[in-house]
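Reminder, nothing fancy here: chain letters follow the sequence lines and each chain counts from 1.
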Amino acid sequence: MASNPLIEIRNFRLEKIEKLRALGINPFPSKSHRTHYAQPIKDDFDNLIEQPAVVAGRLVSWRKQGGLSFGTIQDQTGRIQLFVQKKSLEATNPEKSCVGYPDLSLMDVGDLVEAEGAIFRTQRGEISIRVERLRILSKSMRPLPDQWFGLKDREQILRKRYLDIILNKESQDRYEKITLMVAAIRKFLNERGFLEFNTPVIQPQYGGGTAKPFKTHVNDLGCDMYLAISHELYLKRLITAGYDKVYTIGRYFRNEGIDKSHHPEFSMVETMTAYENYEYNMELVESMFRHVAKTVFGRTVFKVGEHEVDFEPKWKRAFMADLVQEQTGMDFRNISDVEEANSKLKELGVHEVAPSVGEAMVLAFEEKVEPTLIQPTLVYGHPVEISPLAKPMESDPRFVERFEIFIAGMECGDNWSEQNDPKHLLDTWRKNYKPEEKESGDFHALDFDFIEALEYGMPPTTGIGPGLERMAMIFTEQENIDDVIFFPMMRPSVSKLNADLYGIEKGATSFGEELVVTFDELASLSESGGLAPETATVTLQPHLHIWDLSAKEGSWKVSGHVVVEGFFMNGTLRIAGYTQVYDKKPDTASANKSFIEQAIQQLEPVMKKTFPNARIKLEEPTGGCV
RNA sequence: GCCUCCAUAGCUCAAUCGGUAGAGCAGUUGACUCUUAAUCAAUUGGUUGUAGGUUCGAGUCCUACUGGGGGUACCA
């Protein structure tokens, strides 16, 4: 067992925990008596010199040299050095739960500790605590990754972000800034008279955008629901209710591709403002970005990829058709025929075929214009075909009152004057609805409950929805969305080591689907071709439980199942249904033997016959007394 | 979904043409009263992601799988 260095270290530390307990010291007390944080002590050293202080945090380094030791504590604000002298450190004392000099070996780098003493500066100039009492706040059992080289393994950084934060100040600062960014947005909107509401994340009918949803089930209501792909239909109900300025900072779930700028679960600040149109939002969103840049990050120029983006100057506002004309020389406003529009697209080297002139223009825009929009730009006047929820422009109803924000070629928010004519929405939906597209998420059923709300009358309204992750990427100058999401989505996995340590049956495997069938079901399913192995080797792992039923029934029950690997790439097949009753307690070996005789030897011929090409491998049984 | 690269000790990395798996940090033991990547001495630690294959011999070559990265597609 202890052949592994991590397990060895962990065992040493578990022993230290017991030694602390033996000394009468609780290795996991409930609170500390912190009076000062690290960085403020350094910032205000002149006024604090020789003042008493209690600091608390993680011990991140420990340099012992005989009668004098130096440690470093890291708290949320920064680091401060501990100066620990043998002669002035209070002896181990259970009453004060402090650890004395001879017992310092019970402390390890990684432990959470508390140090009490005077603030001073060492001969070498380091602001420190001259420690008089040292307490353990939480004993750490696992070694931290290398202090100097940090955590480089990308997978570990993403799976164990907390380690990245402990070791990497830049990461810590980044996530702190992101929460401050959200706070600044709240303050900005609140000061402008907006009210924040919670809107449902689990929705009976997804709407407000086109995206594949995540489906879930509500047991008590006995029906399927969806995770929100958008919150806007609920914000509009709030507008209908009579609140004129509302917003939500919501979670959005879209069951689509994951890449450097897309994550299935993301955030938006979505607003709705009544009695205004999209021009109001141009000002709102521009001011919001500038406000966040200045108040949280203290500057307006940011590096995005190889570009520098400046939020200070007034943002460029441009009509989409004009931009397309500028870049391509083609004015789609003068084209009325779809075929002509598509042939123009081909000239541009776009081989996708658009179903309408408007959509052709958007393709040309995405292909030729989007990458050129580096400085913050508001592009307005989308074709009506792609904007069913927006209001057409009075001057030219082929286009709608809608704008998108582009920063460094990246789309950072969508905004429009909301279509509040329910009959218009209904007609648009009827015209476009294809029931067969519903399941794929390409198109979806209308939220009729929302239509009804609109029939009571919703004032003219406009909303914005900038994505918070995209915003965070720009402001923290990150190129990967995983570096602004603290817990990015990953396939679940259990390391072999943890599987051993925690007694998990199978390590290093991912959790997937589990199918449970009986021995008879397997035989019939296999023969009918309903089940077939996907790999050349099929592993049979018998698993037994021995149940003590003596209290009730005066007997022992052995139940077993076989975990079969090889049938599903991403899951396990479990064959259950074996039960045997004994009068007295059976020993594990004989129970296993009986199980194998009765079950496996029944199973093996069936599998060999049905799957002649598969290699059947039988593993040692596991399990035991419950 | 497709293409491609990566996986060696707890962490960071070596290992020549296919030929005995090594180092630093961390850990353990000891020395040391101004260190700060402390230093010095000794020492523990490995089924090279998993399962197969080729070979006298595989960390290295081949196949499949798992996990991750990058690209691309779909997608606000």
Rounded distance [0.5 Å steps], [atom1] in [X] versus [atom2] in [Y]:
X: A/Arg10; Y: A/Leu497; atom1: CZ; atom2: CG; result: 9.0 Å
X: A/Met410; Y: A/Ile374; atom1: CE; atom2: CD1; result: 10.5 Å
X: A/Asn168; Y: A/Lys152; atom1: CG; atom2: NZ; result: 11.0 Å

Within-4.5 Å side-chain heavy-atom neighbours: A/Ile464 and A/Met288: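 They are in side-chain contact.
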
Sub-4.5 Å side-chain heavy-atom contact between A/Arg142 and A/Ile9: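 No. Closest side-chain heavy atoms not under 4.5 Å.
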
Pair [X], [Y]: side-chain N/O donor-acceptor within cut-off below 3.5 Å:
X: A/Tyr234; Y: A/Gln203; result: no
X: A/Ser61; Y: A/Arg63; result: yes
X: A/Arg251; Y: A/Ser267; result: yes

Between A/Phe83 and A/Phe70, ring centroids under 6.0 Å: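 Here the rings of A/Phe70 and A/Phe83 have centres that are less than 6.0 Å from each other.
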
NZ/A/Lys169: more than 12 non-hydrogen atoms of other groups inside 6.0 Å: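 Counting neighbours around NZ of A/Lys169, more than 12 heavy atoms of other residues, nucleotides or ligands fall under 6.0 Å, so yes.
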
5' precedence on RNA chain B between A/Met490 and A/Gly150 (nearest-nucleotide basis):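 In this pair, the answer is A/Gly150.
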
Most 5' of A/Gln85 and A/Glu411 on RNA chain B, judged by nearest nucleotide: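 The residue mapped nearer the 5' terminus is A/Gln85.
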
Footprint string (nucleotides 38-44 of chain B, 5' to 3'): B base within contact, S backbone only, - free, heavy atoms under 4.0 Å: B-----B

What is the distance, rounded to the nearest whole Å, between atom [atom1] of [X] and atom [atom2] of [N]?
X: A/Asn168; N: B/C11; atom1: CG; atom2: C1'; value: 14 Å
X: A/His262; N: B/G70; atom1: NE2; atom2: P; value: 15 Å
X: A/Asn255; N: B/G1; atom1: CG; atom2: C1'; value: 14 Å
X: A/Asn4; N: B/G27; atom1: CG; atom2: P; value: 16 Å
X: A/Glu479; N: B/G69; atom1: CD; atom2: P; value: 16 Å
X: A/Ile9; N: B/G10; atom1: CD1; atom2: P; value: 9 Å
X: A/Leu82; N: B/C34; atom1: CG; atom2: C1'; value: 14 Å
X: A/Ile127; N: B/U36; atom1: CD1; atom2: P; value: 18 Å

Side chain A/Asp259 and base B/C74 donor-acceptor under 3.5 Å: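 Donor-acceptor pair under 3.5 Å: yes.
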
Output the single nucleotide from [options] whose closest atom is nearest the side chain of [X].
X: A/Pro143; options: B/U33, B/C11, B/A26; answer: B/A26
X: A/Leu68; options: B/U33, B/G10, B/G69; answer: B/U33
X: A/Lys16; options: B/U33, B/U28, B/U12; answer: B/U28
X: A/Phe12; options: B/U33, B/G70, B/G27; answer: B/G27

Derivation of the salt bridge (Lys or Arg N to Asp or Glu O under 4.0 Å) call for A/Glu50 and A/Arg130: CA-CA 9 Å; A/Glu50 291 305 327; A/Arg130 192 190 295 118; 3.1 Å; yes

Plane angle bin for A/Phe475 and A/Phe289 - parallel if under 30°, tilted between 30 and 60°, otherwise perpendicular: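 Aromatic pair A/Phe289/A/Phe475 classed tilted.
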
A/Tyr278 and A/Phe403 aromatic ring geometry - parallel, tilted or perpendicular at 30°/60° bounds: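 It falls in the tilted class, 30° to 60°.
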
Work out how far the [atom1] atom of [N] is from that of [M], and round it to whole angstrom.
N: B/A21; M: B/U60; atom1: C1'; value: 12 Å
N: B/C65; M: B/A9; atom1: P; value: 24 Å
N: B/U20; M: B/G57; atom1: P; value: 15 Å
N: B/A23; M: B/C62; atom1: C1'; value: 31 Å
N: B/C3; M: B/A15; atom1: C1'; value: 31 Å
N: B/A41; M: B/G46; atom1: C1'; value: 25 Å
N: B/U50; M: B/A7; atom1: C1'; value: 11 Å
N: B/U16; M: B/U43; atom1: P; value: 27 Å

Quick one: is [N] close enough that its OP1 or OP2 comes under 4.0 Å of any side-chain N or O from [X]?
X: A/Arg154; N: B/G69; value: no
X: A/Asn11; N: B/U28; value: no
X: A/Arg491; N: B/U66; value: no

Sugar-phosphate only, base, or nothing, as touched by [X] at under 4.0 Å among non-hydrogen atoms:
X: A/Glu404; result: base
X: A/Glu370; result: base
X: A/Leu144; result: nothing
X: A/Phe83; result: base

All stems with RNA chain B, defined as three or more consecutive Watson-Crick or G-U pairs under 3.5 Å: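 Stems found: B:1-7 with B:66-72, B:10-13 with B:22-25, B:27-31 with B:39-43, B:49-53 with B:61-65.
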
Side-chain donor/acceptor of A/Thr92 to backbone N/O of A/Gly100, under 3.5 Å: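 Checking the backbone N and O of A/Gly100 against the side chain of A/Thr92, a donor-acceptor pair under 3.5 Å is found.
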
Within residues 155-167 of chain A: residues closer than 4.0 Å to RNA chain B (heavy atoms):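 Listed by number, they are A/Glu155, A/Leu158, A/Arg159.
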
Conformer about C1'-N of B/C17 - syn within 90° of 0, anti elsewhere: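 That one's syn.
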
